[in-house]
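For reference, the structure is listed below as structure tokens.
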2 protein chains.
Amino acid sequence: MKKGIAHTTEEAIQPVATEAYLPGLSVDNVIFGFHADQLKVLLLECRNRKDWMLPGGYIRKDESVDDAAKRVLQDRSGLKNVYLQQFSVFGETRRTKESVMRSAMKSLDITFKDGDWFNQRYVTIGYYALVEFEKVKPTPDTFSVSCAWFDLNALPTMIFDHKEIVEQALVALRQHLHYKPIGYSLLPSTFTMKSLQAIYETILQRKLDRSNFNRKMLSLGILEKKEKLFTGAAHKAPYQYSFNKKEYFRLLKEGFGMPF
Amino acid sequence: MKKGIAHTTEEAIQPVATEAYLPGLSVDNVIFGFHADQLKVLLLECRNRKDWMLPGGYIRKDESVDDAAKRVLQDRSGLKNVYLQQFSVFGETRRTKESVMRSAMKSLDITFKDGDWFNQRYVTIGYYALVEFEKVKPTPDTFSVSCAWFDLNALPTMIFDHKEIVEQALVALRQHLHYKPIGYSLLPSTFTMKSLQAIYETILQRKLDRSNFNRKMLSLGILEKKEKLFTGAAHKAPYQYSFNKKEYFRLLKEGFGMPF
DNA sequence: TCAAAAGTGTTAGCCATACACCCATGC
DNA sequence: GCATGGGTGTATGGCTAACACTTTTGA
């Protein structure tokens, strides 16, 4: 608020240089990861409060909204070049609450005045990201004391309308599943059909037939079968697959029809 | 800019009372109508310029973003309670151009300074609406001299990225067609199956089989057959239908799968 | 009686679903 | 060899797609 403009990546939600950002606008990312057959969301634990929030940030005056979302994603997870999709705007008048802002400011040595940067109405643009769980380095920001994964079925209490944003993101993701390939940035470069199926099953919240899932996926022509076999368990070794990047992104752009 | 705040509906894009609006944010509506077997878009002819623009406006500090879009829709078309769907945010840094703003201001007796209200970067939230063509009363705003329908295949030159916004809206509409019913606010309260089919055909840009379309639509259970027959032409009279509003909106919320 | 458009019926083929059966592996 | 999980095959039912046939109406 008093300091000059710091142009590092990690200036995201810093209470400095508010003149560098668009007023009243923010982005919030719902970052999905996949671990132990469960979908997880990356959340931040609020400083000085008992609740959690989505990784979010403001939009610099010289960057696009998409770029702001990318920057936030990279700052909190260490990752870039992952699937990041804008899905909805949250623009209710009273979605942010002064009381929450106030307590969040307390620890940060910020004078809280009416009409202040943090005390204005915020419209936020929701994005969801699909990331490879293992590769993420959870990193809290200035407003938070920790950054951790949560199971979708066991979300903590969250500030503002952030829980609703998570739910909407899941709805959007489920929709997209019907006409877009999923898995590229969620899985390691090589994976088994079983783990891919597990992703679909957790997102859709229901079991799919193993045989039919196999056939369908292969028919899309986005998978490359590695003849190399995995080993170590007391059963037949599964094939390893990787995505044919070119075909994958062609389908991502063009869309298709999934039976479920 | 000098006058006080006028709280009529028709203050939308007025250059007065800029303090009443959220800075740097706007909504733009792609209003689709259906006429003569063609999809039309409602556009505004810019004052002092040779190009056209989408009906848009700013967001009042005491209204939600959705409400702002509704207000703009009502001001330009006279309609409310129609299908209005947010579909994307347009947030590139250079999407609005100073030169365009400048010429638009010229006729309005507005001093144009750097850092001025109209000379800032704008992020806009795109909505599309489906309206009953016949019911619309096209009404220009302060920045425009006329308001008229355009065929989607014959759009005029448009300011900023507005043509791209129209195209994106059409893409979104086409997507939604696959899992949501369409037609309610596009058609009169009573209509024929042929006109409903025509809507689907123009949105999808391809012919559909009459017989199969019939069967599919009826199987959704959102249509009520009026035994009253239409008359006047040299052929068999078609049935009239109307939507079962309750079922229609249930499906709109839940979604379903369309074969095409 | 003919043309045009609407209503209805029918068939073939595809595809999702369900399930069965074989293969590989470690204990 | 047996349990476990992976790979592959197949039958059934349902639905789409295509098209044929009938009905209604005004000219």
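Throughout, protein chains are lettered first and strands after them, A, B, ... in sequence-line order, and every chain is numbered starting at 1.
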Seminar exercise, completed: Heavy atoms of Leu42(B) and Ser77(B) approach each other most closely as CD2-CB, 4.5 Å

Exercise. Taking the six-membered ring where the residue is Trp, are the ring centres of Tyr128(B) and His176(B) under 6.0 Å apart?
Worked result: yes

For this session: Return yes if a side-chain donor-acceptor contact under 3.5 Å exists between Ser211(B) and Asn214(B), otherwise no.
Result: no

In this structure, how many angstroms lie between the [atom2] atom of [N] and the [atom1] atom of [X], rounded?
X         : N       : atom1 : atom2 : answer
Leu196(B) : dA5(C)  : CG    : C1'   : 17 Å
Lys216(B) : dA17(D) : NZ    : C1'   : 13 Å
Gln197(B) : dA17(D) : CD    : P     : 13 Å
Met217(A) : dC15(C) : CE    : P     : 16 Å
Leu208(B) : dC15(D) : CG    : C1'   : 16 Å
Phe213(B) : dG7(C)  : CZ    : P     : 13 Å

Seminar exercise, completed: Residue set satisfying ring pair (Phe, Tyr, Trp, His ring centres under 6.0 Å) with Phe87(B), at least two apart, ordered chain then number -> none

Exercise. Which residues pass the salt bridge (charged side-chain N to carboxylate O under 4.0 Å, His left out) test with Glu132(A), sequence neighbours left out?
Worked result: Lys135(A)

For this session: Decide whether a cation-pi geometry holds between Lys225(A) and Tyr239(A); the criteria are a distance under 6.0 Å from NZ or CZ to the six-membered ring centre and an angle within 45° of the ring axis.
Result: yes

Seminar exercise, completed: B/S/- along nucleotides 3-12 of chain D (protein heavy atoms under 4.0 Å) is -BBBBBBB--

